[in-house]
Amino acid sequence: MEKTYQPSEIEQNWYNTWEQAGYFKPSGEGDSYSIMIPPPNVTGSLHMGHGFNNTVMDTLIRYHRMKGHNTLWQPGTDHAGIATQMVVERQLAAEGVTRHDLGREKFLDKVWEWKEQSGGTITRQIRRLGSSVDWSRERFTMDPGLSNAVQEVFVQLYDEGLIYRGKRLVNWDPKLHTAISDLEVLSEEESGSMWHFRYPLEDGSGHLVVATTRPETMLGDTAVAVHPDDERYAALVGKNIRLPITNRLIPIIADDYVDKEFGTGCVKITPAHDFNDYEVGKRHNLSLINVLDRDAQILPEFTVLTFEGYETQHGEKAPEAYAGLERFEARKKIVNALDELGLLDKIEPHSLKVPRGDRSGVVIEPWLTDQWYVKTAPLAKEAIRAVEDGDIQFVPKQYENMYFSWMRDIQDWCISRQLWWGHRIPAWYDQNGNVYVGRTEDEVRSKYNLDADADIRQDDDVLDTWFSSALWTFSTLGWPEQTNELKTFHSTDVLVTGFDIIFFWVARMIMMTMHFIKDENGKPQVPFKTVYVHGLVRDAQGQKMSKSKGNVLDPLDIIDGIDLDTLLEKRTTGMMQPQMAKKIGKQTKDEFPEGIAAYGTDALRFTFCSLASTGRDIKFDMGRVEGYRNFCNKIWNAARYVLMNTENQDCGQQGGDYQLSLADRWIVSRLQQTELQVAKAIDTFRLDLAAQALYDFVKNEYCDWYLELSKPVLWDDNASAETLRGTRRTLVRVLETILRLAHPMMPYITEEIWQRVAPLAGKSGETIMTQAYPIADENKIDHAADGDIEWLKGVIVGVRNIRGEMNISPAKPIPLMLKDGSAEDQRRLGQNETFLKSLAKLESITWLGSDEAPMAATQLVGDMEVLVPMAGLIDKDAEIARLSKEVEKVSKECHRLQGKLSNEKFVSKAPADVVEKEKAKLAEVQASFDKLNEQLEKIKAI
RNA sequence: AGGACUAUAGCUCAGUUGGUUAGAGCGCUACCUUGACAUGGUAGAGGUCGGCAGUUCGAAUCUGCCUAGUCCUACCA
């Protein structure tokens, strides 16, 4: 074996070996356990969130696979409608072509081409993380099977009246030319202005002042509203306003939507361009005047509609000066025009939430269009119940509140998108605009008895990407066919995801799944029993990682390493805002002056695990990766030591009597306790605690103590064959168990070492992946051995402390005396003399009983004094200083306990066992104090 | 505006139903090339657990208020 751990060498081949051998596939035996991967964007690439998310899932999957479950981890990718279409359109734009130049079919060919070309990137990257997904079942949301499921769901929901088409105000993205759902709109506080305009009364008797943040929409005003109780305007309600510029007459209405206190208490109402105004308009049966086109430019001719059936009543010519103007251009002109008319009252600075499209970044326009909707309220009912009843549990639990509050106030879901890349809506229209929904054109014709030559056309729009991902848990298993997989692996066990997509995805999956998938009793099936919500991976400063901030880390760069120049280039090419490049360059140089070292997959995975505590965000700390890389090295070298001492030697594989030393019994005992801790932690999704328990055991017990304790046995020329066999056996078996225990978190290093260690531990098998996960044998927990080793450690640490503080070379053997020990201490000494001498580097050990001792540096182990004679070794003043420090510490503790125990209330009210414990502690501390103090006085007196 | 979460060592984080001398890693200090490991070892320094009040014999832990930060939801034209 190499002297140091070299991840790149050992991670090369294992993944292919595992995949080709079919170890990632369900075994077909045992209880099922399944997880569906949250499908990443097919043309995307890996980021830290994926790394984290995959590590958590793979750890759970490997754990359950080793526990003997019939384990499926279902992989796949998402077509990501808007994102993917945008990328391809951008590519075309570089050639000066638009999708409309190509036409729908040719454009889709291009997208498929791009998907084929870049589609493998992220799945290759997922492999590098060691994710043991069943690639033979890989799915894509636009596969024929999944598209079929989408169609089936759409048609059924439509037939049940749960999908409808209607003209509504939608969030319109004027850049992408599509409607988007509420969730895809991000509102940020921005500073803008509030314009106050004077709207003259029709009768010329004065004016009302309205305040607005959107002057350009005044062209579509159809009323001015005041509060019904507002005495200032009560007399005006029912009168008309002569709307400036268009000179249209509009009524003054009363509606309690208006806040009397805000602004002037008068609100202009534009039902076709504002969600609130739309509601007001509906209540008062105002007409809707649409003044914008799909680019959010002023229409040359406005469309005027009414709420009844939204039939277009007539057109209205736009004032010539504004026709065709972009909305913000129009805003300026209108403000100017009103100013010139003397109708601009004032302009105030005003901060407001500006809605922007999450993809395009442009301001979203409420716009009146025909769209398809899912009626969500009936679906939400069952979805809420499932969580209320605990059929689905959120971890951590507080996310249930977030889920409930959204679900109980859920709005209908706009599912149509004016894109080409996606599932085309299975609806057809005839010449008269009648709608026919069916799986195919043929089905539609027969279902609705249409003439064979009737001219019908399929809807041009596609479905929201989340519509197909909402079906993910069952569409990937073959639904609507009643497949075996569906029966075996649905409901899935756990969904591992970030909180950011609880509404986008989790909630919708629950609604859709429970509506379509029923168990044999007809009861709705949940898509997953547990939702494990983890935090976001942020950079070292706690900032969200984003391309535009230039602080993105690629998990593969931590695995493989990257030099500074390449990292800089990666962070600064293809930027939306090239002017940021300089700043990002400096940031990057400051943070990674040497680039990033290659830490390997296992170290990265272990870091993710150790940071995966209760749903809080992760500030990614490279120092921890380095620490855990070193931990890998520790395991590696421990294995080297074990192999050096066991390979080609008798470890008891062939039988033969063996004798376990105290250290052997102790490490086996501690191993069982660790196994209990790790299993409990994984079962409760506390991978951080699992990682910590493992780390503590391997480093602080197995390596720091047990390996050292094995040396005196293995190097003892007089040791019996049984004793040697016992220690070799324990060395190798504990190591082998550690490897299995750690494998779900660190698959590569454990497999690599296991291959060599397993035969020595009497294990056989092709791979560690399918070995049984360690289960604690509580009979092997040996508290007597635990106590004995604690004593031994106490003595050794005591001596080391004296050495360290007194500057005695660790190479120098020193004499040791033990004084005032009990019979128990004497027994322990008798059994551990060899261990003691070796680990504390002692020249001799003298048992003094209560005899007079020479002047010495003192440590206490219980009541027993551990003495290192001062003669020739120790400076008097140094020992006085050391002891004084110790005495002060003990004295403080003594006072604390005395105070507590002299408190009458504590003694009478606290539980008896707590009081007893404190009393015992005091006695012990008191004795320590006396002894140390006495010793201190003695030395001072010299 | 409503709600959630977070605040513990210089940094990143643990701390289970209230009872420990409040822990780990990194960093820091001193010593050490000892036959697994310098991607190392040994010893050590470092914390009034955000603040104030309360409940309790006892609070990092429970309650209230305050401060700072993060996020979600709904928003006033």
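Predicted model only: the values in this text are computed from it and were never measured. Numbered from 1 within each chain, the chains take letters A, B, ... in sequence-line order.
Backbone-only engagement by A:K619 is indicated by non-hydrogen atom pairs under 4.0 Å involving sugar-phosphate atoms exclusively. Heavy atoms of A:K353 sit under 4.0 angstrom from at least one base atom. Note on A:W636: nothing from the nucleic acid sits closer than 4.0 angstrom, heavy atoms only. Among the heavy atoms of the strands, none lies under 4.0 Å from A:R803. In this structure, A:V258 reaches the bases: a heavy-atom distance under 4.0 Å links it to at least one base atom across the strands shown. A:H196 comes within 4.0 angstrom of nothing in the nucleic acid, heavy atoms only. Residue A:S405 is classed as having no contact, given no heavy-atom separation below 4.0 Å to the nucleic acid. Residue A:E916 is out of contact with every strand shown, counting any heavy-atom pair closer than 4.0 Å. Residue A:R629 is classed as a base contact, given a heavy-atom separation below 4.0 Å to a base. Contact annotation for A:C632: no contact, since no heavy-atom pair falls under 4.0 Å across all strands. Within the nucleic acid shown, A:Q543 has no heavy atom closer than 4.0 Å to any nucleic acid atom. Using a 4.0 Å heavy-atom cutoff across all strands shown, A:N401 reaches no nucleic acid atom at all.
A distance of about 14 Å separates the C1' atoms of B:rC13 and B:rG27, rounded to the whole Å. B:rU8 sits 38 Å from B:rA77 when the P atoms are compared, rounded to a whole Å. Look at the P atom in both B:rG47 and B:rA9: the space between them is 10 Å, to the nearest Å. Between the C1' atoms of B:rA59 and B:rC49, the separation comes to 11 Å (whole Å).
In this structure, A:R198 pairs ionically with A:D345, as a charged nitrogen and a carboxylate oxygen lie closer than 4.0 Å.
Atom CG in A:D277 sits about 7 Å away from atom C1' in B:rA77, given to the nearest Å. Atom-to-atom, OH of A:Y257 to C1' of B:rA77 comes out at 5 Å; the value is rounded to the nearest Å. Between the P atom of B:rA4 and the CH2 atom of A:W406 lies a distance of 20 Å, rounded to the nearest Å.
In the displayed structure, A:Q6 atom CD is contacted under 6.0 Å by more than 12 heavy atoms of other residues, nucleotides or ligands.
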- [ ] Treat a base pair as Watson-Crick or G-U wobble with both distances under 3.5 Å, then lay out RNA chain B in dot-bracket form, 5' to 3', with | for cross-strand pairs.
- [x] (((((((..((((.....[...)))).(((((.......))))).....(((((..]....))))))))))))....
- [ ] With side chain to side chain donor-acceptor pair (under 3.5 Å) as the test, would you mind laying out the steps for A:Y641 and A:S710 before giving the verdict?
- [x] CA-CA 11 Å; A:Y641 168 78; A:S710 74; 2.7 Å; yes
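Looking at A:K889 and A:S891, their side chains never bring a donor and an acceptor atom within 3.5 Å of each other.
Between A:Y695 and A:Y628, the angle of the ring planes goes over 60°, which puts this pair in the perpendicular group of the 30/60° scheme.
Atom CG of residue A:D696 and atom CG of residue A:L689 lie 10.5 Å apart, to the nearest 0.5 angstrom.
Under the 3.5 Å distance criterion, the side-chain polar atoms of A:W636 are matched with a main-chain donor or acceptor of A:E2.
Counting only heavy atoms from C-beta on, A:K885 has its side chain closest to B:rA45 among B:rC5, B:rA36, B:rA45.
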TODO: Mark up nucleotides 16-34 of chain B, 5' to 3', with B wherever a protein heavy atom is under 4.0 angstrom from a base atom, S wherever such an atom reaches only the sugar-phosphate, and - elsewhere.
DONE: ---BSS---S-----S---
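Within the structure, every pair that satisfies the side-chain hydrogen bond (donor to acceptor under 3.5 Å, both in side chains) test and touches residues 682-692 of chain A, not counting sequence neighbours, is listed here: A:Y63-A:D683, A:R686-A:D688.
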